[in-house]
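Notes follow the structure.
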Amino acid sequence: MQTTYIMVKPDGVQRGLVGEIIQRFERKGLKLVGLKQIIPGEKIAREHYAVHSERPFFPGLIKFITSGPVVCMAWHGKDAISVARNLIGPTNGREALPGTIRGDFGMDIGYNMIHGSDAQETAEFELGLWFPEGINDWKQDSQSWVYE
Ligand code: IDP
Ligand code: MG
């Protein structure tokens, strides 16, 4: 079992896609263990995207991610990190297949609506960064009909 950090970015919030996005994770069978809306400051944005700090698009990315509210989520389940990345689709929405979130709703790479952790270590780092207060441990009864 894994927990992954998922975030609806400012473009997804502005476009009113929060409910649509949450629904896809929920109906897949993942368990919601953390949820909040925040307007990120520059410090947390830079820490989150630190691996991209040398890339030419980094300043624009920080400006974008701090431009308005994001919706921070933690989702738990079997192989949750790769399952979530598959629901999200590849980075460029024009190349993402229909059926994925980016494939269904996105066009430009900079406006791809959603972030998902890409590995166990990054998930742990990002969950600690965005949910310093911790996430919720709870039993969802319907999970007994998701996993055999
Ligand atoms: P990912 O979100 O699919 O994991 P990464 O390569 O980790 O993609 O890039 C992080 C984010 O940086 C992307 O989701 C996108 O918002 C932004 N980004 C990546 N490459 C570009 C680019 O070439 N131009 C503008 N923004 C980019
Ligand atoms: Mg990434």
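In each ligand, atom 1 is the first atom listed, and ligand 1 is the first ligand listed.
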Look at Asp108 together with Arg102 and state whether they make a salt bridge at an N to O cut-off of under 4.0 Å.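 Salt bridge absent between Asp108 and Arg102.
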salt_bridge(Arg15, Glu20) N-O dist < 4.0 Å: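 No.
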Quick one: does Lys9 get an N or O within less than 3.5 Å of an N or O on ligand 1? yes
Can an N or O of Thr91 be found at a distance shorter than 3.5 Å from an N or O of ligand 1? yes
Which is closest to [atom] in terms of heavy atoms, [options]?
atom                    : options                      : value
atom 9 (O) of ligand 1  : His52, Arg55, Met7, His48    : His52
atom 26 (N) of ligand 1 : Gly106, Gly89, Gly110, Gly60 : Gly110
atom 23 (O) of ligand 1 : Phe64, Phe58, Tyr111, Phe57  : Phe57

Flag, side chain of Asn92 to backbone of Arg94, donor-acceptor distance under 3.5 Å: yes
Ignoring hydrogens and angles, tell me if any N or O in the side chain of Asp104 forms a donor-acceptor pair with the backbone of Ile101 under 3.5 Å. no
Suppose we call two aromatic rings close when their centres sit under 6.0 Å apart. Are Phe125 and Tyr5 close by that rule? no
If we only consider heavy atoms of [X], is any one of them less than 4.0 Å away from an atom in ligand 1?
X      : value
His115 : no
Asp118 : no
Met113 : no

Apply side-chain contact (heavy atoms from CB on, under 4.5 Å) to the pair Ile38 and Val70, showing each step before the final yes or no. CA-CA 6 Å; Ile38 68 167; Val70 298; 4.0 Å; yes
Nearest to atom 2 (O) of ligand 1, what protein heavy atom do you find, and at what distance?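 For this ligand atom, the closest protein heavy atom is Arg102 NH2, 3.0 Å.
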Specify the protein heavy atom at minimum distance from atom 4 (O) of ligand 1: its residue, its atom name, and the distance to 0.1 Å.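 Going by distance alone, atom 4 (O) of ligand 1 is nearest to Arg85 NH1, 2.9 Å.
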Is Ile109 touching ligand 1 with its side chain, its backbone, both, or neither, if touching means heavy atoms under 4.0 Å apart?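 It is both backbone and side chain that touch ligand 1.
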Any side-chain donor-acceptor pair under 3.5 Å between Glu42 and Thr66?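 Checked: Glu42/Thr66 side chains show no N/O donor-acceptor pair below 3.5 Å.
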Begin from the C-alpha positions of Lys78 and Met1 and carry the test side-chain contact (heavy atoms from CB on, under 4.5 Å) through to its verdict. CA-CA 4 Å; Lys78 207 180 269 188; Met1 287 288 183; 4.3 Å; yes
For Leu61, atoms of ligand 1 separated by under 4.0 Å from a heavy atom: 12 (O), 16 (O), 17 (C)
